[in-house]
Protein chains: 2
Amino acid sequence: MSSAGPSASCLGAAPRSAAQARIVIAALALFAENGVGGTSLQMIADAIGVTKAAVYHQFKTKEEIVVAAVEVELARLVPALDAAEAEAGPRALDVLLTQVIDLAVARRRMVSTLEYDPVVVRLLAEHEPFQQFMQRLFRVLIGPDVGAAARVRAAMISTAIGGAVTHPLVADLDDEALRSQLVRFTRQFLDITG
Amino acid sequence: MSSAGPSASCLGAAPRSAAQARIVIAALALFAENGVGGTSLQMIADAIGVTKAAVYHQFKTKEEIVVAAVEVELARLVPALDAAEAEAGPRALDVLLTQVIDLAVARRRMVSTLEYDPVVVRLLAEHEPFQQFMQRLFRVLIGPDVGAAARVRAAMISTAIGGAVTHPLVADLDDEALRSQLVRFTRQFLDITG
DNA sequence: GTCTATATAACGATAGAC
DNA sequence: GTCTATCGTTATATAGAC
């Protein structure tokens with residue numbers, strides 16, 4: 001029956017202990033600034049005011065922290081994806097994109113880590129649950145079409161959103177200004193009349 | 001008179017010794033795979049079959065290698081930028097974009113390092129010559145407009161190109177297929193009739 | 001231009017006390 | 001859940017011979 005709930009989100013995103021949550025939050029901020037490879041466990045421990053050993057008590061390895069951090073951020077997309085899949089037809093894409101843009105703008109500093117960091121990219125490609133989640137995402141984005149044009153278009157729009165929110169050119173824009181422009185240009189690019 | 005030549009490229013891009021060139025080439029490939037923070041001098045030395053000390057003889061610090069690598073890759077854009085600046089009016093943008101796309105496709109594995117690696121991003125923001133070069137680039141891309149819309153659009157199109165060429169969705173496409181789709185969607189997005 | 005050898009520091013990770 | 005202390009490894013960087 002409701003063993004997986006209505007979303008079947010593919011992501012664990014289990015509610016974690018307070019200590020684990022603090023580590024993940026601190027790690028994400030440091031990953032965004034220094035990259036995953038440039039962030040040490042010492043830096044994470046210092047950021048939350050504990051020792052390395054305390055961090056290792058919560059996560060056995062550094063990779064586990066990276067996985068947890070990516071899970072937490074990707075889980076934010078689950079409601080948007082659920083809503084889009086509930087909405088069949090051309091409206092589904094518009095529902096997904098406006099919510100994805102909202103999230104990307106609100107979390108702009110974390111986006112580049114999730115989308116472009118080589119360590120995370122490798123993780124997304126190797127970790128089964130992440131793969132399935134990304135497939136769900138791109139199925140809504142591309143639709144049934146699997147041609148070169150549809151895939152290039154999907155790659156462009158997903159990286160355009162992710163890249164634009166972190167771009168120095170728009171660093172001074174407030175969230176609402178950035179959001180409205182992104183929605184407008186994204187709809188134009190995808191020929192969505194709204 | 002011609003002290004800077006016709007391009008005034010802002011970039012040194014000085015022809016380097018063969019030993020330095022080999023280091024930079026190996027470093028770029030490793031940066032693309034592991035990120036700058038995840039690449040050690042030992043890895044670079046191993047890749048070209050010498051010891052760390054030999055690498056340090058060519059570059060005093062790791063940062064110097066990163067600067068040289070970024071310089072070499074950005075210098076590839078100089079001819080395209082020169083050509084675009086020579087071509088006034090709306091044709092300038094089309095000239096720049098088609099050449100930038102050619103380069104991005106040909107160098108796809110290096111693009112994410114240059115555009116998204118946090119170490120490189122910081123370098124681009126702090127290093128004066130890089131700043132000036134990027135300003136030149138975005139002047140052609142944006143034009144005289146400095147409004148929010150123009151800047152969001154420029155950020156989207158530059159990251160859409162850079163992100164699309166490295167995206168897993170299009171990893172199986174050959175250079176020519178990827179190139180032609182990118183040119184088509186980019187023109188459509190920018191309302192260039194060609 | 002490359003090597004061996006080394007200094008010094010930081011890395012990921014673990015053991016055991018509290 | 002956090003600590004001190006430590007292991008083994010790797011990091012950046014240097015000195016000096018060839």
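Chain A is the first sequence line, chain B the second, and so forth, proteins listed ahead of strands; every chain is numbered from 1.
When all heavy atoms are compared, the tightest approach of Leu190(A) to Leu97(A) is CD1-CD1, 2.9 Å.
Taking the side chain of Ala19(A) as heavy atoms from C-beta on, and the options dA13(D), dT2(D), dA13(C), the nearest nucleotide is dT2(D). Of the candidate nucleotides dT12(D), dT2(C), dG1(D), dT12(D) has the atom lying nearest to any side-chain atom of Leu41(B). For Ala53(A), the side-chain atoms get nearest to dT4(D) when compared with the rest of dT4(D), dT12(D), dC11(C).
Centroid-to-centroid, the aromatic rings of Phe133(A) and His127(A) stay 6.0 Å apart or farther.
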Step by step, work out the side-chain contact (heavy atoms from CB on, under 4.5 Å) result for Thr159(A) and Tyr116(A). CA-CA 9 Å; Thr159(A) 55; Tyr116(A) 308 113; 3.7 Å; yes
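Atom NZ of Lys52(B) is separated from atom P of dA15(D) by 15 Å (rounded to the nearest Å). Across the protein-nucleic acid pair, Asn34(B) atom CG and dA11(D) atom C1' stand 15 Å apart, rounded to whole Å. In this structure, Glu63(B) atom CD and dA11(D) atom C1' are separated by 16 Å, rounded to whole Å. In this structure, the CD atom of Gln58(A) is 11 Å from the P atom of dC3(D), given to the nearest Å. Distance CD1 (Ile23(B)) to P (dG1(C)): 9 Å, rounded to an integer number of Å. Rounded to whole Å, the distance from CD1 on Ile44(B) to C1' on dT10(D) is 15 Å. Summarising the geometry, the separation between NZ on Lys60(B) and P on dT14(D) is reported as 9 Å, rounded to the nearest angstrom. When the C1' atom of dT9(D) is taken as reference, atom CD of Gln42(B) falls 12 Å away, rounded to whole Å.
In this model, the phosphate group of dT14(D) is not approached by any side-chain N or O of Tyr56(B) to a distance below 4.0 Å at OP1 or OP2. For the pair Thr51(A) and dT2(D), the criterion of a side-chain N or O lying under 4.0 Å from OP1 or OP2 is not met. Checking the phosphate oxygens (OP1, OP2) of dT2(D), a side-chain nitrogen or oxygen of Arg22(A) falls inside 4.0 Å.
Between Met43(A) and Ala54(B), it is Ala54(B) whose nearest contact on DNA chain C lies nearer the 5' terminus.
The cluster map of Ile, Leu, Val, Met, Phe, Trp and Tyr, joined by side-chain heavy atoms under 4.5 Å apart, puts Leu28(B) and Met43(B) in the same cluster.
Under a cut-off of 6.0 angstrom, the local environment of CD in Glu63(B) is sparse, with at most 12 non-hydrogen atoms contributed by other residues, nucleotides or ligands.
Using a 4.0 Å heavy-atom criterion, one finds that Ser40(B) contacts the sugar-phosphate atoms exclusively.
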